[in-house]
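Note that this is a predicted model, so its numbers are computed, not measured. Every chain is numbered from 1 and lettered A, B, ... according to where its sequence line falls, protein lines coming before strand lines.
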Amino acid sequence: MPKRTKIKDLLNATEFGQQVTVMGWVKTFRNNQFIAINDGSGINNIQAVVDFNNTDESLLKRITTGAAVSVTGELVESLGKGQRVEIKVQDLEILGDSDPEKFPLQPKKHSLEFLREIAHLRFRTNTFNAVFKVRHALAFAVHKFFNDQGFVYMHTPVITGSDAEGAGEMFRVSTIDFDNIPRNDDGTVNYKEDFFGKPTNLTVSGQLEGELAAMAFGDIYTFGPTFRAENSNTTRHLAEFWMIEPEMAFYDLDDNMDLAEKLLKYVIKYALDNCSDEIEFLSSRLVEEEKQKPQNERSELNLIDKLKFCLENDFERLTYTEAIDILKSSKPNQKKQFKYLIDDWGADLQSEHERYLVEKHFKKPVILTNYPAEIKAFYMRQNEPDEHGRKTVRAMDILFPGIGEIVGGSQREERLEKLEQRMHEMHVPAEELSWYLDTRRFGSAPHAGFGLGFERLVLFVTGMTNIRDVIPFPRTPKNAEF
RNA sequence: UCCUGAGUAGCUCAGCCGGUUAGAGCAUCUGACUGUUAAUCAGAGGGUCGCUGGUUCGAGCCCAGCCUCAGGAGCCA
């Protein structure tokens, strides 16, 4: 096989006349002579020009959308408008045919819903090519950010033996034969017969294990798949998703917020710097899509400006209590336009409230802190009750426009007694988490961490609106295809 | 899980008050043209109207149940 050159490099070439070979997939074949070829190296295609008078007709017939081809010829300045360079084909080989009667992708606009049904082929579209390039860049940037600051990448277990993590419904992991379930005398399932000799599940969070590592390495992070068996059918939930969870010793809540904001800005900037073609494509795609919406539903900023705005401005930081005050006196609350009206301190914020704060009031990312203890997890550090006796914890949620909660984190409760008392109140079995409590028994230290939903980040940076379109093969209720 | 909407050709969609042979654009195929940019022009083929049952002389259309998808809500990242 001849050595191939990547199309992205050829499109930037300044030397003409050289003989080159490209291999890729046919996007369109126009006028019986112009092949648009893409090899995935970039979003832009190269045009290969066939001399159809001197090419076998049966070969020309096989140049169809989706076919894999190898093209060798001279790299020349394009004679036509619309592209700078093109290849004058001397040799053309079909590597893999694509029956045009059956290949579902055609050079036309397809709906995202249809492409979701053919997720195994949607990589070949411009949109998904761009989305997954950006996804890659963001993933790489996350590792680079942490590595450059001396964080240790920790692989926490995917299969977990504790069901006390308290972050939602879990998927059971078992080798038990469902048609022949081993039972105890009292009729309950005998898990001693199961693979691990006890009930096990897929992880819903690596945080608790992450904290163990942070108590030795100082700064660690995890970045791996996470599983939630919630029956959620929304544009921002998946049953299998990827989460980034840093955990830092000797950090308080402010340090935690600083790190999260810095991380988000770093990875967004990295994507802008390294995927400019892709983000530009996604930005204009979004403009096209929004043309169909009424004026008042369109975004004020295009995607690129929105990302830049996010980089250039500080995230708004305020406490839950301050947020409640703003919401209480807000127009939609006074005019009773909220479905859930804000009247008392202590209620959890609904997504309509979060959206109001982020999209209407501040018009930028918002970090909410110090939530009521009642509505947050047991491991969050307890504040002293305020003058009204209201109990809060050092939690922080970062809310992004159009996405909602993208980060959830907290300073952790490092005081053993306070932690045990809270676990008791919230019915968390302390015996099962004895290993976790050991961190508080031996050399406990102030520490903090957060979870960043990776797909929600990809949503924000690509401007896509459905989370099923930013992960290659989405797992959602009633859907585990491919 | 709840609320709302949708399911008609490979894709995107139209289909009147229940009435004869279910339409269009794109794609595909055939031919023409040949520096095109989702090429263009002419012609052709292509349908289990989501599934099951019911009402009716007659159902794509009405009714019931189910399935799937989308949007919103809850749960959360």
Side-chain angles (χ1 to χ4, degrees), chain A residues 27-36 44-53 60-61 64-66 76 78-83 86 88 98-118 121 125-126 165-169 204-207 223-245 260 292 338-340 348-355 375-377 397-400 403-409 450-460 465-471 476-479 481:
Chain A
K27 302 288 277 196
T28 65
F29 182 38
R30 285 186 296 269
N31 219 347
N32 215 18
Q33 55 180 330
F34 303 105
I35 319 173
N44 297 312
N45 307 325
I46 198 158
Q47 173 160 291
V49 188
V50 186
D51 178 4
F52 60 91
N53 288 315
L60 288 174
K61 286 253 183 268
T64 58
T65 303
V76 296
S78 179
L79 298 174
K81 286 172 193 159
Q83 60 281 317
E86 64 189 23
K88 221 168 131 184
S98 173
D99 183 348
E101 292 268 24
K102 292 182 184 144
F103 187 60
L105 292 172
Q106 296 300 334
K108 59 166 284 192
K109 199 169 160 30
H110 292 289
S111 68
L112 293 173
E113 289 84 359
F114 171 66
L115 293 171
R116 224 169 275 154
E117 288 170 20
I118 50 165
L121 297 172
T125 64
N126 292 333
E165 290 165 19
E169 292 295 311
V204 291
S205 164
Q207 179 198 319
F223 186 175
T226 309
F227 307 88
R228 304 268 167 96
E230 303 284 354
N231 192 5
S232 301
N233 288 289
T234 77
T235 52
R236 47 187 197 287
H237 288 87
L238 291 165
E240 175 183 290
F241 64 101
W242 288 66
M243 188 157 61
I244 297 139
E245 294 180 287
Q292 317 206 346
F338 282 142
K339 198 170 162 209
Y340 298 89
D348 207 352
L349 299 180
Q350 306 293 323
S351 43
E352 59 180 347
H353 307 133
E354 297 181 350
R355 271 210 310 277
I375 58 173
K376 287 291 180 183
D397 284 359
I398 303 187
L399 310 176
F400 264 36
I403 313 281
E405 185 178 344
I406 195 167
V407 164
F450 59 85
L452 164 62
F454 186 58
E455 282 76 18
R456 290 188 182 175
L457 172 66
V458 182
L459 269 185
F460 183 72
T465 50
N466 191 317
I467 201 161
R468 297 163 198 141
D469 295 329
V470 298
I471 188 166
T476 51
K478 302 276 179 291
N479 179 25
E481 280 301 301

Report task. Looking at every strand, decide which applies to E352(A) at a 4.0 Å heavy-atom threshold: base, sugar-phosphate, or nothing. Result -> nothing
Report task. Under the side chain to side chain donor-acceptor pair (under 3.5 Å) rule, collect the residues that match up with Q207(A), sequence neighbours excluded. Result -> E211(A), Y379(A)
Query raised in the report: Going through the checks in order, is the ring-ring contact (aromatic ring centres under 6.0 Å, His included) test met by F223(A) and F454(A)?
Result: CA-CA 9 Å; F223(A) 186 175; F454(A) 186 58; 5.0 Å; yes
Query raised in the report: Does T476(A) reach the main-chain N or O of L238(A) with its side chain, forming a donor-acceptor pair under 3.5 Å?
Result: no
Requested in this report: Determine the contact category for F114(A): base if any of its heavy atoms lies under 4.0 Å from a base atom, sugar-phosphate if only primed atoms, P, OP1 or OP2 are that close, otherwise nothing.
Outcome: sugar-phosphate
Query raised in the report: What residues form a salt bridge (charged side-chain N to carboxylate O under 4.0 Å, His left out) with D469(A), not counting sequence neighbours?
Result: R116(A), R122(A)
Query - Same-atom distance (P) from rG7(B) to rC11(B), integer angstrom - result: 14 Å
Query raised in the report: Is the number of heavy atoms from other residues, nucleotides or ligands under 6.0 Å of K27(A) NZ greater than 12?
Result: yes
Report task. Confirm from the modelled atom types if Q47(A) and rU36(B) form a donor-acceptor pair under 3.5 Å, side chain to base only. Result -> yes
Report task. Look at the side chain of H110(A) and the base of rC11(B), then say whether one donor and one acceptor between them are separated by less than 3.5 Å. Result -> no
Report task. With C1' as the reference atom in both, quote the distance from rG50(B) to rU30(B) in angstrom, rounded to an integer. Result -> 34 Å
Query raised in the report: Has the side chain of S232(A) got a donor or acceptor atom sitting under 3.5 Å from an opposite partner on the base of rC76(B)?
Result: no
Restricting to nitrogen or oxygen on both sides, can you table the protein-nucleotides 39-43 of chain B pairs closer than 3.5 Å?
| from | atom 1 | to | atom 2 | distance (Å) |
| --- | --- | --- | --- | --- |
| rA39(B) | OP2 | T28(A) | OG1 | 3.3 |
| rA39(B) | OP2 | R30(A) | NH1 | 2.8 |
| rA39(B) | N7 | N31(A) | N | 3.3 |
| rA39(B) | N6 | N31(A) | OD1 | 3.4 |

Report task. List the steps, then state whether side chain to side chain donor-acceptor pair (under 3.5 Å) holds for S78(A) with Q47(A). Result -> CA-CA 9 Å; S78(A) 179; Q47(A) 173 160 291; 4.7 Å; no
Requested in this report: Answer yes or no: is there a donor N or O on one side and an acceptor on the other, between the side chain of R355(A) and the main chain of G404(A), under 3.5 Å?
Outcome: no
Query raised in the report: If the P atom of rA9(B) is compared with that of rG18(B), how far apart are they to the nearest Å?
Result: 23 Å
Requested in this report: Pick the P atom in rA6(B) and in rC76(B), then give their distance to the nearest Å.
Outcome: 32 Å
Report task. Could you work out which one of rG35(B), rA73(B), rC29(B) sits closest to the side chain of Q83(A)? Result -> rG35(B)
Report task. Considering only NZ, NE, NH1 and NH2 on the basic side and carboxylate oxygens on the acidic side, decide whether K376(A) and D348(A) come within less than 4.0 Å. Result -> no
**Report entry** Structure string for RNA chain B in dot-bracket form, Watson-Crick and G-U at under 3.5 Å, | interchain
**Finding:** (((((((..((((.....[...)))).(((((.......))))).....(((((..]....))))))))))))....
Query raised in the report: Taking E352(A) for the side chain and F338(A) for the main chain, is one N or O donor matched with an acceptor at less than 3.5 Å?
Result: no
**Report entry** pi-stack flag for F454(A) and rA77(B), centroid dist under 5.5 Å, interplanar under 30°
**Finding:** no
Report summary line: 5' to 3', nucleotides 67-72 of chain B under a 4.0 Å protein heavy-atom cut-off (B base, S sugar-phosphate only, - none) gives -SSSSB
Query raised in the report: Say you pick atom C1' in rU4(B) and the same atom in rG45(B); how far apart are they, in whole Å?
Result: 40 Å
Query raised in the report: What distance do N45(A) atom CG and N126(A) atom CG have between them, rounded to the nearest 0.5 Å?
Result: 6.5 Å
Query raised in the report: Base, sugar-phosphate, or nothing for S78(A), non-hydrogen atoms under 4.0 angstrom?
Result: base
Query raised in the report: Roughly how far, to the nearest 0.5 Å, is the CD atom of E405(A) from the CD1 atom of I403(A)?
Result: 12.0 Å
**Report entry** rA38(B) phosphate, OP1 or OP2, under 4.0 Å from Q106(A) side-chain N/O
**Finding:** no
Report summary line: Sorted by chain and residue number, the ring pair (Phe, Tyr, Trp, His ring centres under 6.0 Å) partners of F400(A) (sequence neighbours excluded) come out as F315(A), F460(A)
